[in-house]
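Bear in mind that the values here come from a model prediction, so they are computed numbers and not experimental data. FYI, side chains are in, hydrogens and waters are out, and symmetry mates aren't considered; it's all heavy atoms of this structure.
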Amino acid sequence: MVRCLITGGAGFGGSGLTHALLNKGYDVRVLDMTAPLHASLVADVLDQIDYRWKSVFDISREDVEDCDIVLHFAAQPDVPMGFSSPRWTIYNNVMGTTAVLEACRDVKRIEKVLVASSGNAVQRPLYLPIDEKHPPNAVNPYGASKACQEIIAFAYHRAYNIPVVVYRNGVIVGKGMRREIFIFRWLYNILQNKPIIVEGYPIADQTRDITHVSDTLAAWLLGIEAKPEKVVGELFQISYGQELSVEEIAKLCMKVCGREVPIIRKPHRAGEKGMRELFDTSKARKILGYDPKIPPEKTIQLTKEWIETEIL
């Protein structure tokens, strides 16, 4: 039985992968700083996993030495907190990744260490669509933390032969999503006939590439099950591959909710004027067999239904 360690396994992406791996018969170990009885996203499977209540800053060789695959999700995952708490964001994402890689050094059993990065490592692209050869070009603290995370991961691969694979994810949306992501906030407010805040004045022309969580998880499973020689040392862009302006996304949210609400306009967040996301997924399609199924409007519709039935 293949054993996977998921750091941050009680969070949005990690918990989804925990369930997916259990369903496929994997042995799953979760390392998360959320107390077990507060880990609501994995509450239904706590008795099926080895749950280790600890921060990645205390990860040890003992946590990884009997694992075949390490999946690093633990992070400070929210862009807004990068503005209010930049030191914590950078420390968590950069030094947390370093701690995981240090624990994996010289552990021969490990076949792959998959690291969850973000399209925010690029942010203000030099060209479109953004492919895996595009250099990091971060414009805010959160983006810088993810860019540094990638650089460190590949440095450890080159220096110590750690079998690193890096996934750059777009904006991941769907059931269980983090509630500080703007799409959740907008749908939540619209469903209650409350105004929404749109950052971008006079028009929110910055763009995003939205991906449904099920497509993202499918991509991760493909990487987990791929032969190491096909993926180790590689960076993969995992997104739907469609560019939408933030203005267009706000209109889609109102469309799927069947109502319009007032828009409170604020300036662009620091550095984000001119930020664009349109990712080239051809490498992931060719090597992994990645084939995203759910387009942005359907993604927003499914998310609205989840919020409406399970949150409100």
Side-chain angles (χ1 to χ4, degrees), residues 7-8 11-14 33-34 55-57 72-99 115-126 130 134-153 168-173 176-190 194-211 239 243-250 253 262-279 303:
T7 71
F12 174 36
M33 63 189 298
T34 304
S55 164
V56 288
F57 295 105
H72 179 43
F73 279 83
Q76 191 296 90
D78 291 306
V79 175
M81 193 178 182
F83 294 110
S84 60
S85 193
R87 292 182 183 88
W88 169 242
T89 296
I90 293 168
Y91 183 75
N92 198 313
N93 295 346
V94 177
M95 295 306 295
T97 299
T98 304
V115 177
S117 183
S118 167
N120 278 281
V122 178
Q123 291 191 320
R124 192 176 295 163
L126 306 175
I130 302 164
H134 195 294
N137 195 32
V139 299
N140 62 36
Y142 177 79
S145 75
K146 301 306 284 186
C148 290
Q149 180 187 47
E150 291 184 5
I151 292 169
I152 288 166
R168 252 185 208 162
N169 300 299
V171 180
I172 304 172
V173 181
M177 71 182 292
R178 300 194 316 280
R179 302 186 188 189
E180 291 303 320
I181 295 177
F182 67 100
I183 292 174
F184 180 95
R185 282 176 164 265
W186 288 353
L187 290 171
Y188 185 81
N189 277 21
I190 294 166
K194 295 180 179 179
I196 62 172
I197 295 173
V198 176
E199 293 162 323
Y201 184 84
I203 187 169
D205 55 356
Q206 68 273 37
T207 65
R208 298 292 186 271
D209 190 341
I210 298 170
T211 311
S239 306
E243 182 180 29
L244 291 171
S245 73
V246 170
E247 198 77 27
E248 290 172 316
I249 296 169
C253 288
I263 295 176
I264 300 170
R265 295 195 176 272
K266 293 189 175 182
H268 291 83
R269 294 190 298 203
E272 289 196 1
K273 187 173 178 59
M275 178 177 171
R276 295 182 67 183
E277 289 185 355
L278 173 58
F279 298 109
T303 306

Is the backbone of F182 close enough, under 3.5 Å, to the side chain of E180 for a donor and an acceptor to pair up by distance?
-> no
Candidate pair V94 and I152, rule side-chain contact (heavy atoms from CB on, under 4.5 Å), full reasoning = CA-CA 8 Å; V94 177; I152 288 166; 3.2 Å; yes
Plane angle bin for F57 and W88 - parallel if under 30°, tilted between 30 and 60°, otherwise perpendicular | tilted
Give, for atom OG1 of T211 and atom CD of E277, the distance between the pair rounded to the nearest 0.5 Å.
-> 9.0 Å
When every non-hydrogen atom of P136 is compared with those of A147, the smallest separation belongs to CB-CB, 3.6 Å
Is there side-chain contact between V56 and M95, with at least one heavy-atom pair below 4.5 Å?
-> no
With side chains defined as the heavy atoms from C-beta onward, is the minimum distance between M177 and T303 less than 4.5 Å?
-> yes
What is the minimum heavy-atom distance between T89 and G82, and which atoms define it?
-> OG1-CA, 3.4 Å
Is the side chain of W186 donor-acceptor paired with the backbone N or O of I181 at a distance under 3.5 Å, no angle test?
-> no
Check: L126 main-chain N/O paired with H134 side-chain donor or acceptor under 3.5 Å | yes
Would you indicate whether the side-chain heavy atoms of L278 and I130 approach each other to under 4.5 Å?
-> no
Cationic N near anionic O, under 4.0 Å, E247 to R265 | yes
Applying the side chain to side chain contact (heavy atoms under 4.5 Å, CB included) test to I183, which of V173, I172, V246 qualifies?
-> V173
Exactly one of T97, N140, N93 clears side-chain hydrogen bond (donor to acceptor under 3.5 Å, both in side chains) with S145, and that residue is N93
Examine distances only and state if a side-chain atom of N137 and a backbone atom of R124 form a donor-acceptor pair shorter than 3.5 Å.
-> yes
Mark yes or no for whether K146, through its side chain, and A116, through its backbone, hold a donor-acceptor pair below 3.5 Å.
-> yes
If you measure from the Lys or Arg side-chain nitrogens to the Asp or Glu carboxylate oxygens, is any gap between R208 and E272 under 4.0 Å?
-> yes
First locate atom CD of E150, then atom OG of S118, and finally report the distance between them rounded to the nearest 0.5 Å.
-> 8.5 Å
Report the distance from atom CG of N92 to atom OG of S55, rounding to the nearest 0.5 Å.
-> 7.0 Å
Decide, yes or no, whether a salt bridge links K266 with E199 under the criterion of side-chain N to carboxylate O below 4.0 Å.
-> no
Do any N or O atoms from the side chain of D209 and from the backbone of F279 form a donor-acceptor pair under 3.5 angstrom?
-> yes
Supply the atom-to-atom distance H268 NE2 to K273 NZ, rounded to the nearest 0.5 angstrom.
-> 4.5 Å
Whether S245 side chain and E248 backbone form a donor-acceptor pair below 3.5 Å = yes
More than 12 heavy atoms of other residues, nucleotides or ligands under 6.0 Å from CZ of F83: is that the case?
-> yes
Does atom CE of M33 have more than 12 heavy-atom neighbours, drawn from other residues, nucleotides or ligands, at distances under 6.0 Å?
-> no
May I ask you to check whether F12 and F184 place their ring centres under 6.0 Å from each other?
-> no
Pair T207, E243: side-chain N/O donor-acceptor within cut-off below 3.5 Å | yes
Any idea which heavy atoms bring I90 and P141 closest together, and the distance?
-> CG1-O, 4.0 Å
Nearest non-hydrogen partners of V198 and A204, listed with the distance = CG1-CB, 3.5 Å
Taking side chain as C-beta onward, heavy atoms only, is D205 less than 4.5 Å from R276?
-> no
Minimal non-hydrogen separation, A74 against H72, with atom names = O-CE1, 3.2 Å
Please round to the nearest 0.5 Å and tell me the distance separating atom SG of C253 and atom CG of L187.
-> 4.0 Å
Which atoms form the tightest heavy-atom contact between A75 and P77, and what is the distance?
-> O-CD, 3.2 Å
